[in-house]
Participant: 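Pasting a structure here, questions to come.
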There are 2 protein chains.
Amino acid sequence: MEKTDLKKLAKELNLSIATVSKALRDSWEIKAETKQRVRDLADKLNYQPNPYASSMRKRKSQTIAVVIPEIANNFFSVVLDGIQVIAEKKGFHVLTYLTHESYTNEIATIRHLQSGRVDGVLMSLCSDTADYQHLVRLKETGMPIVFFDRIAEIPDCPTVTTDDYESGYRATEHLLQNHCKTIAYLSLSQHTSINRKRQQGYIDALKNLPAKPGKNLAVHCGDENGGIMRAIKKLLSKKNRPEGIFASVEKLAIATYHVCNELKLKIPDDLKVISFSNLRTASLLSPSLSTITQPAFDIGREACELLFRKIEKKSNNYMSEHLVLKSSLIARGSTGPN
Amino acid sequence: MEKTDLKKLAKELNLSIATVSKALRDSWEIKAETKQRVRDLADKLNYQPNPYASSMRKRKSQTIAVVIPEIANNFFSVVLDGIQVIAEKKGFHVLTYLTHESYTNEIATIRHLQSGRVDGVLMSLCSDTADYQHLVRLKETGMPIVFFDRIAEIPDCPTVTTDDYESGYRATEHLLQNHCKTIAYLSLSQHTSINRKRQQGYIDALKNLPAKPGKNLAVHCGDENGGIMRAIKKLLSKKNRPEGIFASVEKLAIATYHVCNELKLKIPDDLKVISFSNLRTASLLSPSLSTITQPAFDIGREACELLFRKIEKKSNNYMSEHLVLKSSLIARGSTGPN
DNA sequence: TTTTTCATCGAAAACGTTTTCGAAAAGCAG
DNA sequence: CTGCTTTTCGAAAACGTTTTCGATGAAAAA
C-alpha cells in the first residue's frame, strides 16, 4: 500500500486538495457532510499528514530539543521523563541530544539547532562549559531556550533550578552536626553554575561554625571515571584525611563508596558521606546513603511548561522567570552516628 | 539577524539558488572558486539548511524513533545511550517516545509513526502488548523496524536480544546450588517475549534438578508500584514462603528488598535473591545484589547499527537477523552462603 | 572556419502541505 | 426578476530545498 497524501484523497473524492485539507482541519468553510466524507476516506486509507510538508508551510516543527550531558544517569533520565510527559500532552515531539560532557559536542549541537529543526530547546550545560557565546547566538535567532539544573547565566533566559546554595549549606551543616571536623567537597568541575552555589553553601556553612574546621577542602575531580577514582583515592589516603565527604553529584558518592571498600575504610565510622543524588536505591545501599534529592521529575515538567509558555506566546517580554524548586535532605546511614 | 536561506545567499552572490545549493553540496558541476565564495558567505551568515524543506524534497528525514516503555530505568537509558552514539555518528537525529507501559499509548505512537516523520524505528514493547497488528501495519508501509529486548515476533524483523532462556536457567540453577528448596519467579507480565524465555529457563532448570523442588512459583506482578509491593508481600508472608527469588526485572528485586526490610526478613539468610538488573550500584547494596546483567549499551549500539543497515540498503531481502548477546551472571551477597 | 566537447551555471519543476482570495451557486429581500 | 449576502468550494501561491535538463560560452577537434 502506497502512502496516501492529500492529492490522492482529493482525486478519490472529486474534491480539490484545498478542500480536503480544510475538511481535515475541521474548517468552518466546509460543509459538514463533505467533512465527514473526507474523514471517512482518510481513516480508511489511514492518511497521516506529512509532518515535514506541514512544518515547512507552517514554519513550526511541533518539536523540541533536549540537550543534556548524559542520559545514563538517574537525574537526567527522570527529568527527561517529566519533559516527555508534558511534551506529549502538547502534541510535541522530543529530540534528545547528548553532549557526553564535551564542550565541543555542545557547540556543534547548539549550532545545528539554528536550523529551525525545533521550536524550542531545553538544556543543561556540560560540566566544562564556561563560555556562553554559542548559546547567546542561538537565543538571538529567537529560539526559546529554558535551562535547568546546570544553567547558563544569560539575560532573559528562564531557568529551573533547585535551592543549591541552601542545600549545600544544609548538607555541610549536617556533616558538622555529626561531628565531622574536616569536610571535603567533591565536584566534577568548578565551572558549573550549580557547583558555584553548592560550594558557596559549603564554604559559608564552614565559616559559621564556631569551632572552625578551617580547611576549605574543595576537590574538582574532572568528569572521566579514572580521574575521579584517582582523585578520591588520593584524598582519602592522606594521613589527615577528611572525616566527612560532601559529594556534589551522585557519581562521586558512588566512587567514594568504591574507594572506601578498596581502602578498607568504614562508612560512617571512618568517613561520613552525603551526596546530591537521585538514586532510587539510596536507602538500600550499604550503608544507606544520605542524600540531597532533587525533584527531578518536577524539574522536567516545570522546565517544559516554561518553554511552552515561551513558544506559544512569543510576545511575552515580561521578565524571564527563574524557578527554584526545593531539594530534600534525607539523612541515612552514611552520616549516621553509629 | 534574520535566518538566511538559499535565496538570500544567491542574491548576495549574484548566483542562482541552484548553483548555491550545488556548491554547498560540493557538486562537481560547480567551479572550485565559486564553491569557495559560497561557502565563505554561508559561514559568515551562519547558514543552516532548513531540515524540513530538505527532508521533504529528499523524502528522508535523517531521523529515527526510539519507542520504549520507560526512560527512568537504567537498562533503557543505557540502551538509549548506545543508540544515540551510533545515530550521531551517522548524522541522524533521535526522537524518543515513551509508552509508559501502556498498550494504547504504544498503538497511538506507532500509528503516528506512519506519517513519515522518521526513517526507521527502534522499539521495545510494553509489558502487556500481546497483539502485533499495529506493528505489522507499520512494517507493511516499508518502515524499517528493529526490536530489542522485548521483541515482537513478526516475520522479517531484525531483533537484538540477550540469551534470556540460558540466563533464566543459570539464575535458577545458581539459586538451587545455593540450597534454595523453593524458588519463586517474579515478572511484570506473562506476555513479553523475554518473560516467556526467562520463565522457560526457570522451569527447565527446576525440572532438571534431581531432588525436584516441585512447585513452579511464577508470580506476575503487574507493572504499577502498589501492585508489585502487594504481590511480593503476599508471597513472602505465606508460611511456606519461597527460599529464593528470581526477579525477571530490576524493579522487582528492589521491591523485594523493600518488602524484606518491612517484614524483617534477612537476605540472604531468610531469602536469597537474584535479578536481571543493570544497576550500577548492585555491588554497593545491602546486601550486594546478585545480578544477571545485560550488555545494555551494546544492545543499543547493535540494534541501531542493524537499523541503519536496513535504512541504507532497502534492497536487502536476505533473511532478517536475530542478534543474541550474552548476559553475565554476577554472584554477590544476596545469594551468598553466609 | 566549422563542429564538437567541456565546463559552468540557471530555469523550473518537484516534494506535500496551508492559506489567501476569488468564484460559483444558492438563498433571500426587495 | 434584480441585487445582495451566505455558503461552499477551488486555483494558485507560498514554504526552502534538490535535481533535472537545457543554455551559454569557451576550448578543443575537425
Side-chain angles (χ1 to χ4, degrees), chain A residues 2-39 41-42 45-63 91 93 112 114-119 141-142, chain B residues 2-39 41-42 45-63 91 93 112 114-119 141-142:
Chain A
E2 279 316 292
K3 63 270 171 193
T4 88
D5 55 6
L6 286 183
K7 198 187 320 184
K8 187 168 183 175
L9 290 182
K11 182 155 30 169
E12 200 93 4
L13 291 164
N14 267 330
L15 289 172
S16 77
I17 293 182
T19 305
V20 176
S21 171
K22 282 185 276 198
L24 288 172
R25 339 199 84 252
D26 203 27
S27 160
W28 54 269
E29 350 177 25
I30 305 298
K31 186 162 50 170
E33 181 220 326
T34 309
K35 284 187 197 171
Q36 199 50 54
R37 281 207 309 141
V38 172
R39 273 193 295 253
L41 187 65
L45 298 188
N46 195 21
Y47 168 73
Q48 297 284 124
N50 181 312
Y52 294 106
S54 179
S55 286
M56 189 166 86
R57 172 63 224 233
K58 297 200 291 188
R59 356 210 49 227
K60 45 184 85 161
S61 62
Q62 297 274 105
T63 306
H93 302 258
H112 173 90
Q114 318 243 21
S115 66
R117 188 180 288 273
V118 297
D119 297 338
T141 68
Chain B
E2 279 318 292
K3 63 270 171 195
T4 89
D5 55 6
L6 285 183
K7 200 188 318 185
K8 187 168 184 176
L9 290 182
K11 183 155 32 167
E12 200 93 6
L13 291 165
N14 268 330
L15 289 172
S16 76
I17 293 181
T19 305
V20 175
S21 172
K22 282 185 277 198
L24 288 172
R25 340 200 83 251
D26 203 26
S27 158
W28 54 270
E29 356 177 20
I30 305 298
K31 187 164 47 170
E33 182 219 325
T34 308
K35 284 187 196 170
Q36 197 52 53
R37 283 207 308 141
V38 172
R39 274 194 294 254
L41 187 66
L45 298 187
N46 195 22
Y47 168 74
Q48 298 284 126
N50 181 311
Y52 294 106
S54 179
S55 286
M56 189 165 87
R57 174 62 226 236
K58 295 200 292 186
R59 356 209 51 227
K60 46 186 84 162
S61 63
Q62 296 274 106
T63 306
H93 301 259
H112 172 89
Q114 319 243 21
S115 66
R117 187 179 289 274
V118 297
D119 297 338
T141 69

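Residue numbers begin at 1 in each chain, while the letters A, B, ... track the order of the sequences.
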Participant: Compare the minimum distances between each of dT18(D), dA11(C), dC15(D) and the side chain of R57(B), then state the nucleotide with the smallest one.
Facilitator: dT18(D)

Participant: CD1 of I30(B) to CG of L24(B): how many Å apart, nearest 0.5 Å?
Facilitator: 10.0 Å

Participant: Tell me: CG of L13(B) to P of dG10(C), nearest whole Å?
Facilitator: 10 Å

Participant: Which residue lies toward the 5' end of DNA chain D, A53(B) or A18(B), if each is placed at its nearest nucleotide?
Facilitator: A53(B)

Participant: Is there a side chain to side chain contact (heavy atoms under 4.5 Å, CB included) between Y47(B) and L41(B) once you walk through the steps?
Facilitator: CA-CA 8 Å; Y47(B) 168 74; L41(B) 187 66; over 6 Å; no

Participant: Rounded to whole angstroms, how far apart are CG on L6(A) and P on dA11(D)?
Facilitator: 15 Å

Participant: Name the closest nucleotide to the K31(B) side chain, picking from dG16(C), dG10(C), dT8(C).
Facilitator: dT8(C)

Participant: Could you tell me how far apart K60(A) (NZ) and dT18(C) (C1') are, to the nearest whole angstrom?
Facilitator: 12 Å

Participant: What is the distance, to the nearest angstrom, from the CG atom on N14(B) to the P atom on dT8(C)?
Facilitator: 19 Å

Participant: Between P on dA14(C) and NZ on K7(A), what's the gap in Å once rounded to a whole number?
Facilitator: 8 Å

Participant: Answer with base, sugar-phosphate or nothing: what part of the nucleic acid does S55(A) contact at a heavy-atom distance below 4.0 Å?
Facilitator: nothing

Participant: Tell me which nucleotide among dG16(C), dC9(C), dT17(D) gets nearest to the side chain of R59(B).
Facilitator: dG16(C)

Participant: For the base of dG10(C), is there a side-chain donor-acceptor partner from K22(B) under 3.5 Å away?
Facilitator: yes

Participant: What's the closest nucleotide to the T19(B) side chain, out of dG16(D), dT17(C), dC9(C)?
Facilitator: dC9(C)

Participant: In terms of heavy-atom contacts, does NZ of K35(A) have more than 12 from other residues, nucleotides or ligands at under 6.0 Å?
Facilitator: yes

Participant: Once rounded to the nearest 0.5 Å, what's the spacing between atom CZ of R39(B) and atom CG of D26(B)?
Facilitator: 5.5 Å

Participant: Looking at R117(B) and S61(B), what are the two nearest heavy atoms and their distance?
Facilitator: O-OG, 3.2 Å

Participant: Nearest to the side chain of W28(B), which nucleotide is it out of dT8(C), dC15(D), dT18(C)?
Facilitator: dT8(C)

Participant: To the nearest Å, how far apart are K35(B) NZ and dT8(C) C1'?
Facilitator: 11 Å

Participant: Within the pair S16(A) and dA11(D), is there a side-chain N or O less than 4.0 Å away from OP1 or OP2?
Facilitator: no

Participant: When you measure from the side-chain N and O atoms of Y47(B) to the phosphate of dG16(D), is any distance below 4.0 Å, counting only OP1 and OP2?
Facilitator: no

Participant: Select one nucleotide: of dT19(D), dC9(D), dC15(D), the one nearest the side-chain heavy atoms of I30(A).
Facilitator: dC9(D)

Participant: Would you kindly give the CD-to-P distance between Q36(A) and dT8(D), to the nearest whole Å?
Facilitator: 15 Å

Participant: So, does S21(A) get its side chain near the phosphate of dT17(C), meaning an N or O under 4.0 Å from OP1 or OP2?
Facilitator: no

Participant: Measure from the side-chain heavy atoms of E29(B) and tell me the nearest of dC21(D), dT19(D), dC15(C).
Facilitator: dC21(D)

Participant: Can you tell me if the side-chain N/O atoms of T34(B) get under 4.0 Å from OP1 or OP2 in dC9(C)?
Facilitator: yes

Participant: What is the distance from atom CD of Q114(B) to atom OG1 of T4(A), rounded to the nearest 0.5 Å?
Facilitator: 10.0 Å

Participant: May I have the distance from K58(B) (atom NZ) to dG16(D) (atom C1'), rounded to whole angstrom?
Facilitator: 13 Å

